[in-house]
Number of protein chains: 2
Amino acid sequence: MSEAKQPFNGVIVYQRLRRAILEQALLPGTRLREDAIGEQFGVSRTIVRQALVRLESEHLVETQRNRGACVAEPTLIEAEQIFEIRHCLEAEVIRRLIERISVIGLEALDAHVDQEARVQGKDGPVSIRLAGEFHILLAELTENRILAGYVSELVTRCSLILAMYSRSHSSDCAVDEHRHIIQAVRDKDIKAALSIMDHHLGAVQGRADLSGDQKEDNLQSVLARYAEDPSA
Amino acid sequence: MSEAKQPFNGVIVYQRLRRAILEQALLPGTRLREDAIGEQFGVSRTIVRQALVRLESEHLVETQRNRGACVAEPTLIEAEQIFEIRHCLEAEVIRRLIERISVIGLEALDAHVDQEARVQGKDGPVSIRLAGEFHILLAELTENRILAGYVSELVTRCSLILAMYSRSHSSDCAVDEHRHIIQAVRDKDIKAALSIMDHHLGAVQGRADLSGDQKEDNLQSVLARYAEDPSA
DNA sequence: TACGAAAAAATCGTATACAAAAAAATTATC
DNA sequence: GATAATTTTTTTGTATACGATTTTTTCGTA
């Protein structure tokens with residue numbers, strides 16, 4: 001298992017920033033200055049740039065020539081389209097899982113939700129990430145890595161969207177509903193599973209209420225927490 | 001319409017390389033040395049590197065630390081999974097188009113196929129690209145940019161796959177079948193449209209027959225053609 | 001004070017330099 | 001002559017340097 005094959009530093013910076021975005025520690029619109037990031041991670045701008053290019057090609061950051069990068073701010077139109085495609089792909093996930101999912105897979109799902117339940121109440125970044133990772137785990141259990149990759153990307157983008165347009169960050173992903181999804185999959189009740197998932201994703205309900213930007217300045221303090229992230 | 005907003009040179013190099021891959025001018029496994037590419041495009045390795053990072057994050061090139069980049073070589077497993085998801089997404093495209101497609105959209109499709117017919121017989125890179133772009137156009141007509149983006153990515157990856165595993169590059173995408181798809185969409189015959197599309201994509205039929213690599217060396221000559229590509 | 005122009009600072013875009021690693025070529029040894 | 005060890009060359013990974021652009025600040029004028 002030592003085949004670890006150390007990734008480029010650029011990849012590491014990319015992963016850290018990605019997680020910070022997923023956990024809504026970096027909010028949409030946050031300016032991402034190359035110097036500041038490089039300093040936090042102890043690398044040069046060259047490396048930071050690599051990471052930013054990666055993030056841009058995943059639509060998690062937006063770049064303007066000579067103006068640097070910001071955490072992406074999807075429009076409402078984009079947001080709707082992203083949710084639509086997420087719907088579509090997660091429905092495919094459900095269909096595939098019901099067709100064949102292993103006992104081990106179901107156990108993994110249970111374990112994950114248990115973990116979610118444990119941190120419930122505490123409404124921090126961990127809870128947001130776990131909620132997203134539940135959906136990613138579902139997709140991975142299909143064993144189609146392409147599907148899983150797209151779902152993963154979409155989940156992160158949705159986290160971005162919810163950070164922009166949802167007022168209640170807390171109930172974004174109720175643990176109960178995750179349990180219901182597992183149950184429906186276990187029962188091979190495709191109708192129920194799809195309907196729960198539909199309700200669960202339920203598009204973008206809230207409207208923009210964070211018009212006043214309380215973001216922007218805290219880049220340094222946020223990155224400090226992500227510079228030496230303990231858990232993978 | 002002068003809002004053109006010049007892209008980074010890195011983006012340009014990326015686009016050129018991407019097209020070369022789509023057109024199967026750069027075959028899977030082809031070594032992509034940074035110096036060579038930079039020289040052809042008249043930019044420094046810094047810029048080439050940006051392009052390679054972009055391509056890697058789209059799975060069109062693979063990178064090994066200290067060993068540089070190659071055009072990706074999807075395994076048969078990956079190939080199957082890619083085709084599966086392409087199936088899934090293109091089915092969604094069909095459903096959406098049948099639900100509502102404009103006359104203008106249908107005309108655009110006709111025009112495109114006419115163009116395909118014009119270069120038919122000549123079995124060169126243009127024909128391969130046009131065949132792929134038909135599917136991308138279909139996806140774009142859904143007006144869901146996310147969906148279109150994923151389809152576009154998948155089409156390119158499939159071109160890569162066919163370059164590896166198909167023996168008859170010619171009949172990869174018959175113009176006739178494209179016409180049938182358009183007709184079925186026009187008739188709003190969803191059954192027919194889906195079935196034609198299914199048959200059209202028909203997964204990976206051929207098996208690996210290009211075990212001997214006749215690639216590798218022609219990087220320079222290939223890139224020369226793509227360095228100053230006339231058509232966007 | 002408010003506004004606009006000019007200067008200063010900050011930030012980005014790209015090329016280049018240099019160390020480290022890998023690949024290729026050379027030499028030595030059997 | 002074939003193989004192993006060593007040197008040379010090539011190529012990559014990263015930091016840094018410098019011009020260009022943008023943003024901020026300063027300063028003058030109404």
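Just the heavy atoms: all of them, side chains too, but no hydrogens, waters or symmetry mates, feed the values below. In the text below, chain A, chain B and the rest are named by the order of the sequence lines, each starting its count at 1.
- When the salt bridge (Lys or Arg N to Asp or Glu O under 4.0 Å) test is applied to B:Glu90, the partners found at least two apart in sequence or on another chain are B:Arg86.
- With salt bridges taken as basic N to acidic carboxylate O contacts below 4.0 Å, one links B:Glu56 and A:Arg54.
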Listed pairs, N/O of protein and of nucleotides 5-8 of chain D, under 3.5 Å:
none

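- Note: B:His178 and B:Phe134 have parallel aromatic rings, judged against thresholds of 30 and 60 degrees for the angle between ring planes.
- Contacts between residues 34-42 of chain B and DNA chain D, counted as heavy-atom distances below 4.0 Å, involve B:Glu34.
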Quick one: which protein N/O atoms are closer than 3.5 Å to N/O atoms of nucleotides 19-24 of chain C? Pair and distance per line, please.
| from | atom 1 | to | atom 2 | distance (Å) |
| --- | --- | --- | --- | --- |
| C:dA21 | O3' | B:Asn66 | ND2 | 3.3 |

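- A sub-4.0 Å separation between OP1 or OP2 of C:dA15 and a side-chain N or O of B:Ser44 is present.
- Within the structure, every pair that satisfies the salt bridge (Lys or Arg N to Asp or Glu O under 4.0 Å) test and touches residues 35-48 of chain A, not counting sequence neighbours, is listed here: A:Glu34-A:Arg45.
- No salt bridge links A:Glu23 with A:Arg225; every basic N to acidic carboxylate O contact stays at or beyond 4.0 Å.
- Between B:Leu32 atom CG and D:dT12 atom C1' there is a gap of 14 Å when expressed in whole angstrom units.
- Mapping A:Ile47 and B:Ala69 onto DNA chain D via the closest heavy atom, the residue that lands nearer the 5' end is B:Ala69.
- Judged purely by distance below 3.5 Å, without hydrogens or angles, the side chains of B:Tyr150 and B:Glu92 never pair a donor atom with an acceptor atom.
- A heavy-atom distance below 4.5 Å is not found between the side chains of A:Leu55 and A:Leu32.
- Using a 4.5 Å heavy-atom cutoff, the side chains of A:His112 and A:Glu116 are in contact.
- To the nearest angstrom, P of C:dC12 lies 12 Å from CD of A:Gln64.
- With hydrogens and angles ignored, the 3.5 Å screen pairs a side-chain donor or acceptor of A:Thr156 with a backbone N or O of A:Ser152.
- Crowding of B:Glu143 atom CD: a count of heavy atoms from other residues, nucleotides or ligands under 6.0 Å not exceeding 12.
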Pair up each side-chain donor or acceptor in residues 65-72 of chain B with any protein partner under 3.5 Å, not counting sequence neighbours, and list the distances.
none

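- Using a 4.0 Å heavy-atom distance criterion, A:Arg33 is classed as a sugar-phosphate-only contact.
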